[in-house]
Chemist: 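Please read through the structure below; I'll follow up with questions.
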Amino acid sequence: MIDHLDGAVIPTGFDVPVEPLRRAAHYTGEQGCIAEARSFAALFLDQLRTEWCARIDERVDGAVLLVVSELITNADRHSNGPYILELVGTDAAVTVSVYDSSSALPRIFPRNPERIGRHGLEIVHALAEQVSVERVPVGKRVRAVLPLSGGTGG
């Protein structure tokens, strides 16, 4: 922020970004896309630390990367086309959204430690403060909001 005092310009601290940091990436389902999405998210978190001075500890960092992995894996397995990963962040939260071409809404199964697989949304719900699914004109969007402080989990 800059104050003007009798015509003099005096820097008074850091300027806070007005708009959230937004980044999106498009994936076609090629081999390695889940790792690419995780790398994309890691770079996003580094940029959020730099541009928003966000404090992101290792636990939250890992939670964001795991949510990205789970949502991209679900889109890869259950849609018939490309998908988009969108990340939006401030110094308070990161929102992970994945758009895919399938209009079928994902199902969350009851907890069952003996079940093999199909734990993705269960994991996302455990890590995120808020999870939503909605149909969009091209398919659906699955969205998870992870706070950067105060712990994770919902």
Side-chain angles (χ1 to χ4, degrees), residues 15-154:
D15 287 337
V16 176
V18 176
E19 293 293 320
L21 180 63
R22 283 182 198 278
R23 298 291 178 262
H26 178 268
Y27 301 95
T28 60
E30 300 284 325
Q31 187 172 354
C33 65
I34 297 165
E36 287 177 32
R38 284 178 59 88
S39 293
F40 178 79
L43 289 173
F44 174 85
L45 292 171
D46 286 343
Q47 192 173 9
L48 193 59
R49 285 181 182 97
T50 302
E51 291 184 20
W52 271 85
C53 299
R55 293 185 181 151
I56 308 170
D57 66 27
E58 286 182 32
R59 183 174 180 204
V60 173
D61 195 84
V64 170
L65 297 181
L66 184 53
V67 167
V68 166
S69 293
E70 292 299 335
L71 294 182
I72 289 292
T73 297
N74 286 349
D76 191 56
R77 287 185 179 159
H78 302 293
S79 71
N80 293 322
Y83 36 90
I84 297 170
L85 168 63
E86 178 185 54
L87 302 170
V88 178
T90 66
D91 59 345
V94 170
T95 301
V96 178
S97 298
V98 174
Y99 296 80
D100 69 46
S101 60
S102 172
S103 61
L105 300 180
R107 292 179 17 200
I108 186 165
F109 295 92
R111 291 183 182 188
N112 179 352
E114 295 179 16
R115 182 179 67 245
I116 297 174
R118 298 188 176 232
H119 292 279
L121 277 181
E122 187 179 330
I123 292 168
V124 172
H125 276 273
L127 295 173
E129 178 179 75
Q130 178 185 3
V131 178
S132 61
V133 179
E134 68 178 328
R135 287 192 171 99
V136 295
V138 296
K140 70 175 168 297
R141 174 182 76 165
V142 181
R143 180 177 162 265
V145 179
L146 293 95
L148 298 184
S149 63
T152 58

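Keep in mind it's a predicted model, so treat the numbers as computed, not measured. Note that the numbering runs from 1 along the sequence shown for the chain.
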Chemist: Quick one: pull up CG in Leu45 and CZ in Arg23 and give me the separation to the nearest 0.5 Å.
Modeler: 12.5 Å
Chemist: Can you list the steps and then say if Asn74 with Val98 is a side-chain contact (heavy atoms from CB on, under 4.5 Å)?
Modeler: CA-CA 9 Å; Asn74 286 349; Val98 174; over 6 Å; no
Chemist: Nearest 0.5 Å, please: how far is CH2 in Trp52 from CD in Gln47?
Modeler: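 Rounded to the nearest 0.5 Å, the CD-CH2 separation comes to 12.5 Å.
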Chemist: For a side-chain hydrogen bond (donor to acceptor under 3.5 Å, both in side chains) with Tyr83, tell me which candidate from Asp76, Asp100, Thr28 qualifies.
Modeler: Asp76
Chemist: More than 12 non-hydrogen atoms from neighbouring residues, nucleotides or ligands closer than 6.0 Å to CD on Glu134, yes or no?
Modeler: yes
Chemist: So, Lys140 side chain and Ser102 main chain: donor-acceptor pair closer than 3.5 Å or not?
Modeler: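 Indeed, once roles are kept as given, a pair shorter than 3.5 Å links the two residues.
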Chemist: Hey, could you give me the CD1/OG distance between Ile123 and Ser69, rounded to the nearest 0.5 Å?
Modeler: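 Ile123 CD1 to Ser69 OG: 10.0 Å, rounded to 0.5 Å.
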Chemist: Where is the tightest heavy-atom contact between Tyr27 and Phe40, given as atom of each residue plus distance?
Modeler: OH-CB, 3.6 Å
Chemist: Rounded at 0.5 Å granularity, tell me how far CG in Leu48 sits from CG in Leu21.
Modeler: 5.5 Å
Chemist: To check you understand the geometry: which heavy-atom pair defines the closest contact between Glu86 and Tyr99, and what is its length?
Modeler: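 Where Glu86 meets Tyr99 most closely, the heavy atoms are OE1-OH, 3.6 Å.
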Chemist: Are the side chain of Arg38 and the backbone N or O of Leu65 linked by a donor-acceptor pair below 3.5 Å?
Modeler: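 A pair under 3.5 Å: yes.
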Chemist: Test side-chain contact (heavy atoms from CB on, under 4.5 Å) on Val67 and Val64 and set out the steps.
Modeler: CA-CA 5 Å; Val67 167; Val64 170; 5.9 Å; no
Chemist: Considering non-hydrogen atoms only, spot the tightest contact between Ala128 and Leu146 and give its length.
Modeler: CA-CG, 4.2 Å
Chemist: Who pairs with Asp61 by salt bridge (charged side-chain N to carboxylate O under 4.0 Å, His left out), at least two apart in sequence or on another chain?
Modeler: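 Partners of Asp61 under the salt bridge (charged side-chain N to carboxylate O under 4.0 Å, His left out) test: Arg49.
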Chemist: When rounded to the nearest 0.5 angstrom, what is the spacing between CZ in Arg22 and OG in Ser97?
Modeler: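 Result: 9.0 Å between the selected atoms.
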Chemist: Could you pull out the closest heavy-atom pair between Ser103 and Arg135, with the gap in Å?
Modeler: O-NE, 2.9 Å
Chemist: Looking only at heavy atoms, which two atoms of Phe44 and Val94 are closest? And how far apart?
Modeler: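 That would be CE2-CG1, 4.2 Å.
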Chemist: Quick one: salt bridge (charged side-chain N to carboxylate O under 4.0 Å, His left out) partners of Glu58, sequence neighbours excluded?
Modeler: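 Partners of Glu58 under the salt bridge (charged side-chain N to carboxylate O under 4.0 Å, His left out) test: none.
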Chemist: With rounding to the nearest 0.5 Å, note down the distance linking CD in Glu19 to OG1 in Thr90.
Modeler: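 Rounded to the nearest 0.5 Å, the CD-OG1 separation comes out at 11.5 Å.
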Chemist: Could you check if a side-chain atom of Pro82 sits within less than 4.5 angstrom of a side-chain atom of His26, using non-hydrogen atoms only?
Modeler: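 A side-chain contact under 4.5 Å exists here.
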Chemist: Of the non-hydrogen atoms in Leu87 and Leu85, which two are nearest, and what is the gap between them?
Modeler: CD2-CD1, 3.9 Å
Chemist: Decide yes or no for Val138 and Ser101: does some side-chain heavy atom of the first lie under 4.5 Å from some side-chain heavy atom of the second?
Modeler: no
Chemist: Going by side-chain hydrogen bond (donor to acceptor under 3.5 Å, both in side chains), name the residues that satisfy it together with Arg143, two or more places apart in sequence or in a different chain.
Modeler: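 Arg143 satisfies side-chain hydrogen bond (donor to acceptor under 3.5 Å, both in side chains) with no other residue.
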